[in-house]
Amino acid sequence: MKLIDLIIIGGGPAGLAAACQAKENGINNILLLERENVLGGILKQCIHNGFGLQYFQKELTGPEYANEFIEKIHKLKIPYKVNTMVLSIQPNKTIITSSKEEGYVVYQAKSIILAMGCRERPRGAIRIPGTNPSGILTAGTAQKFVNIDGYIPGETCVILGSGDIGLIMARRLTLEGVKVKAVCEFQPYPGGLSRNIEQCLIDYNIPLMLSHTVVAIHGKKRVTGVTIAKVDEHFNIIENSKQEIACDTLLLSVGLIPENELTSQMGIKMDQVTSGAMVNQTLETSIKGVFACGNVLHVHDLVDYVTMEGNRAANYATTYLNNSKNLMKKRITVIADKGIRYVMPQYIDIGEKNEKITIYFRSKEIYREKNTIVKCQKKIISRHKNLRLMPAEMEKILVKTEDISGDTIYVGVDTND
Amino acid sequence: MIRKMTCIVCPRGCEMDVEYEKNTFIGVLNNFCSKGEEYARDEIISPKRVVTSTVKVIGGDLLMLPVKTDKPVNKEKIFDIIKKIYQVKVTAPIEINDVLLSNIDDNGANLVATSSTINITK
Ligand SMILES: Cc1cc2nc3c(=O)[nH]c(=O)nc-3n(C[C@H](O)[C@H](O)[C@H](O)COP(=O)(O)OP(=O)(O)OC[C@H]3O[C@@H](n4cnc5c(N)ncnc54)[C@H](O)[C@@H]3O)c2cc1C
Ligand code: SF4
């Protein structure tokens with residue numbers, strides 16, 4: 001069995017950033033494992049631009065963004081293996097892998113960074129009644145068909161869900177000559193970023209139907225159409241609003257779920273809302289020396305933030321490997337309070353040194369001109385004014401550990417002002 | 001006139017109030033940075049976008065090569081440009097940033113590769 005200081009699982013932007021940063025921190029005995037035949041993760045199929053503005057201060061496409069890091073991996077001579085699937089991880093950090101070239105290989109890691117990304121929710125997760133013809137696929141699968149395989153999945157299309165991948169695909173398919181008839185969104189607000197509504201839908205006159213859903217799918221062998229309907233504020237279908245739209249393809253863009261089978265099987269404590277591991281401010285999971293970053297931890301809207309989280313995970317893994325940890329004195333639980341869907345980290349470990357800690361969160365609905373506040377023992381210890389809070393956009397707020405008393409802090413929207 | 005406009009330059013997506021008269025830009029409010037003003041001005045005078053797509057590759061480790069225009073192009077020209085991109089077929093190897101078609105919009109923008117692909121037939 002090979003002994004490795006740091007094993008990184010997943011060669012997407014999170015894993016690539018973590019590997020480069022760890023190497024630059026002086027960790028030499030690293031191994032990056034990726035199940036696909038090339039590095040880059042999901043970025044390879046995201047051929048549109050708009051990546052990198054925060055991290056590189058220039059606008060890149062997905063493949064260009066990935067290339068920046070892949071070149072760095074080669075330059076830093078970081079060992080990696082592609083076509084290598086991690087099958088399981090034991091709580092003692094034994095990693096079992098399988099690959100075409102080497103078969104079944106077992107590694108023993110001193111520390112691990114989980115960077116397995118996320119996948120899309122399939123149709124089963126949303127349960128639309130009707131037949132099960134061909135022509136129903138997730139937006140990400142369609143993205144792979146068009147951008148990697150060069151295959152256009154249909155001629156007329158309806159998209160259910162307004163997540164970013166759905167919006168990007170509405171534009172991509174339109175440019176490829178497909179008639180995109182509508183994007184239906186169950187919620188009263190869009191799921192994707194405002195800029196994607198603007199440049200993918202409005203630019204091409206594609207209707208965005210908020211508070212609408214698909215109630216039936218028609219067709220025996222191939223989709224021939226869908227029935228859509230409006231929903232009221234309690235998400236009940238308004239019967240007389242039903243209308244049929246003819247189409248041969250239905251794309252689903254109804255959200256992403258972190259790919260965490262490996263994580264939960266190794267006994268790491270999971271967060272029910274993010275579907276990711278619960279971590280402290282050093283991105284460390286409930287198993288010491290095992291860190292998580294990128295979409296496997298919580299779904300990010302921007303790859304730039306994924307990269308930054310990958311860098312942070314590498315820094316904390318380095319600290320762990322060098323045994324230079326800020327000794328823990330007390331664990332604080334961070335709770336998502338009024339108007340907040342989730343927080344990350346879920347724990348703050350207060351050590352001997354004072355720290356400034358960034359708490360990331362998403363709101364449950366749209367708020368304008370509201371303060372986000374952090375409270376402990378009924379006292380407000382941090383306040384941040386947001387012009388606009390949207391579930392589609394991740395936000396952050398700072399807290400100082402010296403201000404924390406008690407063992408719980410609450411992050412909420414101040415709806416009083 | 002005042003129009004609401006979402007800046008698409010960065011993911012912050014500022015919701016700006018843009019004042020204009022026909023094709024004349026007057027001013028902008030609620031933009032976080034100066035790029036927003038630039039975008040708003042262009043959007044009123046002549047809106048521009050970067051076009052991304054894919055082209056077929058012969059002999060490469062990729063079937064489809066991702067491409068983009070190396071500058072934003074006039075919005076009305078997007079479909080013409082897409083038609084030109086459709087005609088392009090390349091032979092591997094290709095390096096990232098290789099120019100595949102120059103002056104694709106008759107205004108100085110080139111079509112460039114956004115990925116490399118190696119030749120697997122040799
Ligand atoms: C279909 C799809 C399309 C997207 N499109 C966009 C977009 O257009 N714009 C945007 O900003 N964001 C997009 N996203 C979000 C995007 O995922 C993130 O911005 C970013 O790529 C996340 O990086 P990551 O490294 O966390 O995950 P990923 O890029 O998903 O990388 C994870 C890697 O881990 C590997 N892996 C997983 N399990 C194992 C295992 N057991 N063994 C070995 N390797 C494993 C995977 O093969 C993959 O390469 C998209 C997401 C999806 C799912
Ligand atoms: S105005 Fe500046 S900060 Fe705001 S969206 Fe545009 S580029 Fe981003």
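Every chain is numbered from 1, with letters handed out A, B, ... down the list of sequences.
For the options A:Glu393, A:Arg172, A:His48, heavy-atom pairs under 4.5 Å to chain B are most numerous at A:Arg172. For the set A:Arg171, A:Glu59, A:Glu176, the entry with the most heavy-atom pairs within less than 4.5 Å of chain B is A:Glu176. If you tally non-hydrogen atom pairs under 4.5 Å between each of B:Ile85, B:Ile78, B:Thr6 and chain A, the highest count goes to B:Thr6.
Residue B:Leu62 does not touch chain A at all, counting heavy-atom pairs closer than 4.5 Å. With a 4.5 Å cut-off on non-hydrogen atoms, B:Ser116 does not touch chain A at all. Using a 4.5 Å cut-off between heavy atoms, A:Leu175 touches chain B through backbone and side chain atoms alike. Of the two parts of B:Asp61, neither the backbone nor the side chain holds a non-hydrogen atom closer than 4.5 Å to a non-hydrogen atom of chain A.
Put simply, the side chain of B:Met16 reaches to within 4.5 Å of the side chain of B:Cys7, judged on heavy atoms.
In terms of modelled atom types and a separation under 3.5 Å, the side chain of A:Asp149 and the main chain of A:Tyr151 share no donor-acceptor contact. Side chain of A:Thr372 to backbone of A:Val413: no donor-acceptor contact under 3.5 angstrom is found.
Ring planes of A:His74 and A:Tyr80: tilted class, angle from 30 to 60°.
Between the side chains of A:Arg341 and A:Thr274, no donor N or O sits under 3.5 Å from an acceptor N or O.
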